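Contents: one structure, followed by commentary.
Reckoned from all heavy atoms, side chains included, excluding hydrogens, waters and symmetry mates. Residue numbers start from 1 in every chain, and the chains themselves are labelled A, B, ... in the order their sequence lines are given, proteins ahead of strands. Fair warning: this is a prediction, and the values are worked out from it, not measured in the lab.
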Amino acid sequence: LKLQFLYFIASYTMNVVRRAVARRFFSSGMHMGLGEQELAFQEAAKAFAETEIEPHAAKWDEEKFFPTGVFKKAGELGFGGIYVKDDFGTGASRLEASVVFEQLSRACPATTAFITIHNMCCWMVDTFGTEEQRARFLPDTVTMENLMSYCLTEPDSGSDAASLKTVAVREGNMYRVTGSKAFISGAGSSEYYVVMVRTGEGTKGISCLVIPKNSEGLSFGKNENKMGWNCQPTRIITLENVMVPEENLLGGVEGQGFKMAMAGLDGGRINISTCSLGAAQKALDLAIDYTKERKQFGKPIAGFQNTQFKLAEMAAKVQSSRLMIRQAATALDQNDPSKTPLAAMAKFHATDKCWEVVDEALQLHGGYGYLKDYPVERYLRDLRVHRILEGTNEVMKMIVSRSLLA
Amino acid sequence: VGVKHTVDYNIKVKVKDGKVAKDVKHSMNPFCEIATEAAMKLKEAGVVTEIVAVTIGNAKAAESLTKAMAMGADRSVHVVGEQAEIDGLETLQVAKVFAKLHEELQGDIYFMGKQAIDDDQCHVPQMVSALLNIPQGTFAAGLKVADDKSSIEVTREVDDGSQTLSMKLPAVVSCDLRLNTPRFATLPNIMKAKKKPIDKKKLSEMGIDLTPRVEVVECAQPVERQGGGKVADVD
């Protein structure tokens with residue numbers, strides 16, 4: 001009787017696994033709530049990611065290779081200026097951008113993260129630039145032929161961004177810029193640097209200058225030796241008396257820089273969360289496949305309730321992140337008054353939870369999860385920084401609580 | 001360009017009682033993507049002036065037309081049928097629909113995929129050619145259009161190698177794997193595709209005899225592979 005009872009339990013758990021096979025296609029929630037165009041974008045991005053990014057991502061991480069060729073291909077498909085207005089860019093919505101980035105980051109979150117940073121910079125020029133600046137900078141940046149980097153953080157000012165010290169002094173029709181910026185993604189490779197500088201006192205004394213790479217006095221530090229994001233160079237930028245023409249003052253008016261930087265970051269937070277999301281969903285998919293194959297104690301480890309419950313929890317973390325990100329993206333598209341705290345909430349929730357999902361996926365892979373033969377450890381190394389940059393998750397909580405208690 | 005909305009090539013199909021679940025993901029037949037790309041290459045070379053994507057299917061098949069238009073087709077024709085009508089379609093009737101459409105479309109080249117990955121019949125291009133009494137270049141791995149645009153040269157993959165045929169237009173070309181690599185649809189083109197016209201026609205109103213000529217007697221899974229055995233020697 002005891003043997004029969006045990007057999008019943010074993011076959012019941014295997015039935016759960018077998019039924020899951022048939023339903024797998026619908027389990028990801030990636031398609032729900034999306035309209036026809038969004039689904040078409042999702043397919044296009046998925047095809048590109050599987051063909052152009054996935055086969056090479058591990059190599060790029062290992063060799064610290066910045067894949068400018070692939071960025072150009074991405075730009076040709078319209079991925080370089082997704083929410084830039086359609087006279088120059090693709091003219092799509094933040095939600096559509098998130099759908100695209102989620103598919104790209106399944107293949108490589110680090111490569112996708114740079115594409116999102118570039119998109120953010122193009123959007124800033126598109127939104128705050130004069131018509132002349134838009135026409136000058138956007139045509140070859142939305143194609144990703146020329147890349148843009150976002151320069152706000154300094155060695156002495158991270159979370160306290162408004163305390164930045166890089167100074168720009170007006171001399172005739174030029175600005176003389178001196179200071180340094182730290183942790184700049186793409187530094188040394190990008191053609192244009194969107195730099196927040198001090199032209200006056202306080203928050204209202206910050207302006208935004210677009211500085212070209214070959215400017216005299218602009219130099220780049222060593223490529224930082226990082227835990228992840230290895231396919232992107234990250235360097236300190238030093239500006240020593242760099243002369244920047246007044247035509248490169250974004251928007252043509254001083255004192256707007258902080259507002260521009262923060263507006264850029266609202267979208268940037270949705271983007272970075274999306275990079276975490278795509279990788280987490282992929283890690284979950286890999287964990288599901290692995291636990292069905294790996295047998296211990298006479299059966300696949302997916303037959304054990306602990307594994308099943310773990311996978312269920314991971315799926316809920318991914319799905320909750322996805323819903324928060326997509327709603328925040330829609331709020332941004334609609335210019336909802338709550339867009340900033342919604343983006344901040346999505347950011348700290350998604351980057352934390354998706355990191356946990358990838359960590360748990362690695363655990364479910366056992367010893368193999370620790371090997372570079374499987375992409376899970378790379379996703380973990382890449383995702384760790386998403387909890388820190390574009391505003392630490394602690395700063396995100398400051399933003400949310402401020403709006404709750406206002 | 002004839003495009004078929006088939007079960008996505010990534011899906012692991014489950015067959016129950018001889019039927020496949022209808023709600024699985026569908027997308028454009030991969031060989032039809034190659035056909036669309038072949039047409040686009042001619043358009044970009046200035047040889048072809050207009051590309052019309054055609055599908056025969058249920059309402060959702062329009063997704064494949066949008067894909068074709070996102071790749072660059074100028075407009076589409078959607079022959080719509082109820083699910084039951086579509087399920088009962090045989091290749092001869094599909095070919096008859098294309099033949100009927102020729103009266104209106106007057107195409108110079110009919111591009112199609114060599115076969116659809118759901119039924120793998122590989123009938124329709126050949127049947128269209130026979131019904132319209134026009135030449136066919138099937139399993140195309142290479143294509144050249146004559147300077148005067150009155151004929152084409154099709155290099156075909158055949159069992160013992162390659163064969164090159166020359167034929168006058170209009171003609172049917174069915175596309176094989178090595179003809180080209182289909183382009184990605186760009187995001188702006190996907191957005192533009194929404195505005196391109198789709199001419200909808202009802203399958204039941206096209207005046208085509210849809211009675212089946214084939215009766216399915218039995219549908220069974222192939223016998224599951226039995227393990228091999230070891231023999232003492234091979235004598």
By residue number, those in residues 71-79 of chain B with heavy atoms under 4.5 Å from heavy atoms of chain A are none

Taking a cut-off of under 4.5 angstrom between non-hydrogen atoms, the residues of residues 173-192 of chain B near chain A are B:F184, B:A185, B:T186, B:L187, B:P188, B:I190, B:M191

Among residues 34-42 of chain A, residues within the sub-4.5 Å heavy-atom range of chain B, in order of number, are A:E36, A:Q37, A:A40, A:F41

How about CD on B:E82, more than 12 heavy atoms from neighbouring residues, nucleotides or ligands closer than 6.0 Å, or not? no

Contact list (residues 73-86 of chain A to chain B, heavy-atom gap under 4.5 Å, by number) returns A:E76, A:L77, A:G78, A:F79, A:I82

Highest number of heavy-atom pairs under 4.5 Å with chain B among A:G91, A:A44, A:A47, A:A45 belongs to A:A47

Item to complete: Assess whether atom CD of A:E293 is packed by more than 12 heavy atoms of other residues, nucleotides or ligands within 6.0 Å.
Response: no

**OP:** State, with a plain yes or no, whether a side-chain heavy atom of A:E43 is found less than 4.5 Å away from one of B:M28.
**Re:** no

